[in-house]
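Have a look at the structure below before the remarks.
Since the structure is predicted, the reported quantities are computational estimates derived from the model, not experimental observations.
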Amino acid sequence: MTLAPGQPARYWHLGDDGRAQCDLCPRHCALRDGQAGFCFVRRNVGGRLVLTTYGRSSGLAIDPIEKKPLYHVTPGAQVLSFGTAGCSLGCRFCQNWEISTANQLDVLATQASPEGIATTAARQGCQGVAFTYNDPTIFAEYAIDTALAVRELGMVNVAVTAGYIEPTPRADFFEFMDAANVDLKSIRPDFYRRIVGGHLEPVQDTLAYLVHETDVWVEVTNLVIPGLNDSPAELHELAAWVASELGPDVPLHLSAFHPAHRMMDTPRTPAATLRSARQIALGEGLHFVYTGNVADDEGSTTWCPQCGTPLIVRTGYTVTKDALKDGHCPACGRAIPGRFNASS
């Protein structure tokens with residue numbers, strides 16, 4: 001594959017002042033010739049917006065789908081993970097900051113066409129492709145074309161995203177996604193402004209859109225950071241919002257922070273904090289609450305919310321027991337929501 005300087009972007013318009021305005025994310029970067037947006041991968045070249053990372057990956061890897069994390073989608077499946085570089089947000093705590101904050105294309109070491117990614121996934125025996133590492137919404141055109149190629153080979157597409165995207169490209173992007181894990185970083189607008197460099201409302205809008213207006217299976221992740229978003233009051237508020245606005249069957253993953261990027265002095269999240277947070281979320285009515293980045297058998301198991309039977313048991317990212325019967329609890333018959341097989 002021969003790489004061009006950039007693939008024409010789909011989501012932009014030319015402003016009255018001659019600048020190319022990106023319409024992909026809520027930042028609406030207005031760029032003069034030669035300028036790149038906040039994400040650095042969308043650039044004005046000769047008066048037209050291009051995506052400079054199309055066909056260029058920061059790496060390919062085979063992962064268990066549980067690592068995304070997605071616990072209600074084909075448990076135990078292997079997915080081919082890939083990403084590019086850059087991001088539309090500026091999280092001070094970013095756990096993949098080497099990729100998301102990269103401002104040089106030399107991190108994109110792998111040439112990978114959409115068709116090449118799909119055929120590689122199939123050849124390696126994967127059940128799908130995960131768009132991850134950095135936020136795939138910023139390389140929407142590349143992701144959409146890849147998702148189409150993946151669908152043609154009968155595999156699933158899963159996205160790991162912060163949900164920071166405008167409505168029109170959002171509809172295009174998620175049309176070909178089967179599942180998504182959306183990172184809800186906090187339920188407080190001030191946290192998004194100060195720590196993330198963005199706004200909460202577009203993320204909430206994306207979550208509501210996915211759950212109520214699409215067939216995409218949705219799971220939510222919250223990175224619990226000591227001293228920033230780990231207070232009982234905030235955890236109650238976040239879980240209550242998920243339960244009331246998205247529904248009690250939407251899985252919530254509470255994940256442990258480890259020092260990274262601009263927050264190296266912030267301590268790791270204690271396992272006890274996550275266990276307490278899980279109990280808070282369950283108390284707010286959520287049926288499926290998981291803990292991540294810690295050893296916690298109870299918090300990594302899918303339990304029947306009706307009779308308490310352990311249904312899917314995990315050790316780390318490995319499924320050690322799957323007792324579901326056609327998507328139902330074998331003990332009481334309660335339907336467990338998710339995408340557990342091709343027909344669910």
Side-chain angles (χ1 to χ4, degrees), residues 57-83 95-96 112 117-137 143 146-147 149-151 153-163 173-174 176-184 210-211 214-223 249-256 288-297 299-303 310-324 326-327 336-344:
S57 173
S58 55
L60 302 170
I62 297 175
D63 293 318
I65 199 167
E66 285 77 14
K67 194 174 181 179
K68 300 304 105 187
L70 287 164
Y71 279 13
H72 289 235
V73 182
T74 56
Q78 298 291 298
V79 292
L80 183 68
S81 299
F82 90 102
Q95 310 283 281
N96 286 329
I117 291 171
T119 56
T120 297
R123 188 168 57 246
Q124 295 297 320
C126 296
Q127 285 75 48
V129 168
F131 302 79
T132 183
Y133 300 141
N134 68 316
D135 200 305
T137 60
T146 302
V150 171
R151 277 272 179 93
L153 295 182
M155 296 178 292
V156 299
N157 293 298
V158 301
V160 181
T161 175
F173 177 86
F174 286 107
F176 302 105
M177 295 295 158
D178 298 286
N181 186 294
V182 180
D183 195 4
L184 180 59
L210 290 174
V211 171
T214 77
D215 292 327
V216 177
W217 174 254
V218 176
E219 302 188 22
V220 177
T221 290
N222 176 248
L223 186 70
D249 280 342
V250 171
L252 173 63
H253 299 261
L254 299 164
S255 188
F288 306 100
V289 185
Y290 302 102
T291 55
N293 291 341
V294 293
D296 180 9
D297 290 345
S300 61
T301 296
T302 299
W303 303 86
L311 300 173
I312 305 173
V313 180
R314 304 172 183 87
T315 299
Y317 299 122
T318 301
V319 174
T320 58
K321 174 185 176 182
D322 185 349
L324 281 179
D326 296 322
I336 306 302
R339 302 290 183 267
F340 296 109
N341 53 56
S343 61
S344 63

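- Separating the CG atom in L70 from the CZ atom in R339 is a distance of 11.5 Å, to the nearest 0.5 Å.
- Note that CG of D296 is 12.5 Å distant from OH of Y290, once rounded to the nearest 0.5 Å.
- Atom CG of L324 sits about 4.5 Å away from atom CD1 of I312, to the nearest 0.5 Å.
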Before you tell me yes or no, could you show the steps for N222 and S255 under side chain to side chain contact (heavy atoms under 4.5 Å, CB included), namely the whole-Å CA-CA distance, both residues' side-chain angles and the distance that decides it to 0.1 Å? CA-CA 6 Å; N222 176 248; S255 188; over 6 Å; no

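- Side-chain contact between N181 and P69: present, with at least one pair of heavy atoms (C-beta onward) separated by less than 4.5 Å.
- For the pair V73 and A179, the tightest heavy-atom approach, listed with the atom from each and the gap, is CG2-CB, 3.8 Å.
- Under the 3.5 Å distance criterion, the side-chain polar atoms of H72 are matched with a main-chain donor or acceptor of P337.
- You'll find the side chain of I117 reaches within 4.5 Å of the side chain of F82, heavy atoms only.
- With sequence neighbours excluded, the residues that form a salt bridge (charged side-chain N to carboxylate O under 4.0 Å, His left out) with D249 are R334.
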Step by step, work out the salt bridge (Lys or Arg N to Asp or Glu O under 4.0 Å) result for D63 and K68. CA-CA 8 Å; D63 293 318; K68 300 304 105 187; 3.2 Å; yes

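- Here the NZ atom belonging to K321 is positioned 11.5 Å from the OG1 atom belonging to T302, to the nearest 0.5 angstrom.
- What you find for P136 and A159 is that their closest heavy atoms are CG-CB, 4.4 Å.
- In this structure a side-chain-to-backbone donor-acceptor pair under 3.5 Å is missing from T301 to W303.
- Taking the side chain as every heavy atom from C-beta outward, L153 and T119 approach each other to under 4.5 Å.
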Assess the residue pair L252 and E219 against the criterion (side chain to side chain contact (heavy atoms under 4.5 Å, CB included)); give the C-alpha distance rounded to whole Å, side-chain angles, the decisive distance to 0.1 Å, and a yes or no. CA-CA 6 Å; L252 173 63; E219 302 188 22; over 6 Å; no

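- Using a 4.5 Å heavy-atom threshold, the side chains of N157 and F131 count as touching.
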Decide yes or no on side chain to side chain contact (heavy atoms under 4.5 Å, CB included) for S81 and Y133, but give the supporting numbers first. CA-CA 8 Å; S81 299; Y133 300 141; 3.3 Å; yes

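- Panel note: side chain T291, backbone L254; no donor-acceptor pair is recorded below 3.5 Å.
- T214 approaches V216 most closely through the heavy-atom pair OG1-N, 3.1 Å.
- The heavy-atom pair separating S57 from G83 by the smallest distance is OG-O, 3.1 Å.
- More than 12 heavy-atom neighbours from other residues, nucleotides or ligands sit within 6.0 angstrom of CG on D322.
- V158 has its side chain within reach of I65: a pair of non-hydrogen atoms, C-beta onward, lies under 4.5 Å apart.
- Counting heavy atoms from C-beta on, the side chains of V129 and V79 never come closer than 4.5 Å.
- Here the CG-CE distance, from D215 to M177, works out to 15.0 Å after rounding to the nearest 0.5 Å.
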Run the numbers on V156 and W217 for side chain to side chain contact (heavy atoms under 4.5 Å, CB included), then give the verdict. CA-CA 11 Å; V156 299; W217 174 254; over 6 Å; no

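- Applying the side-chain contact (heavy atoms from CB on, under 4.5 Å) rule to E66 yields the partners P64, Y71, P75, R314, Y317, V319; only residues at least two apart in sequence or on another chain are considered.
- Side-chain N or O atoms of D135 include one that pairs as donor or acceptor with a backbone N or O of A162 at under 3.5 Å.
- V182 has its side chain within reach of L210: a pair of non-hydrogen atoms, C-beta onward, lies under 4.5 Å apart.
- The closest donor-acceptor contact from the side chain of Q127 to the backbone of Q78 lies under 3.5 Å.
- Between V250 and V220, some side-chain heavy-atom pair lies under the 4.5 Å cut-off.
- Side chain of D297 to main chain of G299: no donor-acceptor pair is present (N/O by atom type, distance under 3.5 Å, no hydrogens or angles).
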